[in-house]
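Scroll down for the structure; my scribbles are underneath it.
Source: prediction; values computed, not measured.
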Amino acid sequence: MIEILILYTIHKRERTLYAIRKDIIDLFGTFTKPSIGTIYPALKRLMKEEAVSVYEKISEGGKKFCYFSITPKGFNIFKKYFFNSQSDNPSLFYTQIQARFATMGLLETKDKKEFIDESLRKTEIYQFELDKKLKDEFLELDYYQRQLLNRTMSELKSLKEYIENLRLENVL
């Protein structure tokens, strides 16, 4: 997930490592606040894949700055990460889908439609599984577990409504 946030952040202009972190927190801080220790290794992976280029610049004061920018190949790498790194783990799903919706502006229309359809399908599957748990009379849920599952169900319903509205609005 961090790779798509980095590539999205640098798609308009080059950034330093610290500026990338600040932009990610400013844009996506409601669901993630990565550390430099998370961003830097991801940048190294992206450089190895030739998705990101780096150049160094010395300031007038003699301090060295590294600037990172997306390469033409980086847009294809973005798409690869966008579609291939989705987790089947329900606990990660909600955070990851938010990152994808927040960055899908870099996708072509057909890819946006594919993502919306897939997201709706996964959301419906998770809702079905959760509903099944809530109705299972043999599953001994205590008060707190049941409350948490009900809260999760509410979030999934809200997410499903958001996805359906995107599809209806045809803002692709």
Side-chain angles (χ1 to χ4, degrees), residues 1-11 19-43 45-46 49 51 70 74-172:
M1 180 179 79
I2 190 66
E3 289 85 358
I4 65 173
L5 299 178
I6 291 169
L7 291 170
Y8 183 84
T9 301
I10 62 174
H11 86 278
I20 290 170
R21 181 176 186 270
K22 182 187 179 319
D23 287 352
I24 288 173
I25 290 171
D26 289 348
L27 291 169
F28 313 111
T30 57
F31 55 88
T32 188
K33 292 182 181 174
S35 67
I36 293 295
T38 299
I39 296 170
Y40 187 68
L43 273 170
R45 287 190 298 274
L46 290 168
E49 292 182 271
I70 192 168
F75 289 97
N76 291 329
I77 301 291
F78 170 85
K79 186 176 168 181
K80 178 188 94 170
Y81 278 106
F82 190 94
F83 283 104
N84 292 340
S85 60
Q86 287 192 22
S87 174
D88 287 329
N89 183 338
S91 66
L92 299 176
F93 173 73
Y94 200 70
T95 300
Q96 289 183 354
I97 201 165
Q98 288 181 83
R100 284 175 173 73
F101 275 114
T103 60
M104 80 175 192
L106 288 184
L107 296 175
E108 296 172 11
T109 301
K110 68 177 181 64
D111 295 326
K112 290 176 188 175
K113 287 179 181 178
E114 177 186 334
F115 171 68
I116 287 171
D117 290 343
E118 178 64 17
S119 298
L120 187 57
R121 186 186 71 74
K122 272 195 165 185
T123 302
E124 288 171 343
I125 288 169
Y126 290 141
Q127 269 188 293
F128 175 78
E129 290 171 353
L130 194 53
D131 190 50
K132 193 171 145 182
K133 281 183 184 179
L134 285 166
K135 291 178 179 174
D136 185 346
E137 60 189 61
F138 300 106
L139 187 61
E140 296 180 17
L141 297 171
D142 68 20
Y143 171 81
Y144 303 102
Q145 292 165 335
R146 187 164 297 283
Q147 290 301 313
L148 185 59
L149 290 177
N150 282 323
R151 180 176 178 265
T152 304
M153 179 62 91
S154 177
E155 289 172 352
L156 283 171
K157 285 179 181 177
S158 177
L159 177 61
K160 182 179 176 187
E161 185 178 305
Y162 169 75
I163 296 168
E164 288 172 338
N165 285 338
L166 278 180
R167 182 191 269 173
L168 291 174
E169 291 171 5
N170 203 15
V171 292
L172 309 171

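Considering I2, T103, I70 in turn, I70 is the only one that fulfils the side-chain contact (heavy atoms from CB on, under 4.5 Å) rule with L7.
Here the straight-line distance linking atom CZ of R100 with atom OG1 of T95 works out to 11.0 Å at 0.5 Å rounding. The CZ atom of R146 sits 7.5 Å away from atom CG of L149, with the distance rounded to the nearest 0.5 Å. Atom-to-atom distance recorded for L159:CG and E164:CD is 10.0 Å, nearest 0.5 angstrom. Rounding to the nearest 0.5 Å places NE2 of H11 at 9.0 Å from CZ of F78. The line from OG of S158 to CD1 of I163 is 10.0 Å long, rounded to the nearest 0.5 Å. Atoms CD1 and CZ, on I97 and F31 in that order, are 11.0 Å from each other to the nearest 0.5 Å.
Electrostatic pairing of K113 and D117 does not count as a salt bridge here, judged by no charged N lying under 4.0 Å from a carboxylate O. A salt bridge links R121 with E118; the closest basic N to acidic carboxylate O contact falls under 4.0 Å. Electrostatic pairing of R151 and E155 counts as a salt bridge here, judged by a charged N lying under 4.0 Å from a carboxylate O. Under the 4.0 Å criterion applied to side-chain N and carboxylate O atoms, K80 and E49 are assigned as salt-bridge partners.
The closest side-chain heavy-atom distance from F83 to K79 is below 4.5 Å. By the 4.5 Å heavy-atom criterion applied to side chains, F28 and D23 are not counted as neighbours. Within the 4.5 Å cutoff, the side chain of T152 has no heavy atoms near those of the Y126 side chain. No side-chain heavy atom of I116 sits less than 4.5 Å from a side-chain heavy atom of S119.
Closest non-hydrogen pair, K160 versus T123, comes out as CB-CG2, 3.8 Å. Here the shortest heavy-atom pairing between T9 and L5 reads OG1-O, 2.6 Å. Residues Q127 and M153 share a closest heavy-atom pair of O-CE, 3.4 Å. Between S35 and R21, the shortest heavy-atom distance links the atoms CA-NE, 3.7 Å.
Checked by atom type and distance alone, the side chain of T38 never pairs as donor or acceptor with a backbone atom of P34 at under 3.5 Å.
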Exercise. Could you walk me through whether I25 and T32 pass the side-chain contact (heavy atoms from CB on, under 4.5 Å) test, one step at a time?
Key: CA-CA 7 Å; I25 290 171; T32 188; over 6 Å; no

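The side chain to side chain donor-acceptor pair (under 3.5 Å) analysis of residues 136-145, with sequence neighbours excluded, yields no pairs.
The closest side-chain donor-acceptor pair between Y8 and E3, if any, does not fall under 3.5 angstrom.
More than 12 heavy atoms of other shown residues, nucleotides or ligands fall within 6.0 angstrom of atom CD in Q147.
Ring-centre distance between Y162 and F101: below the 6.0 Å cut-off.
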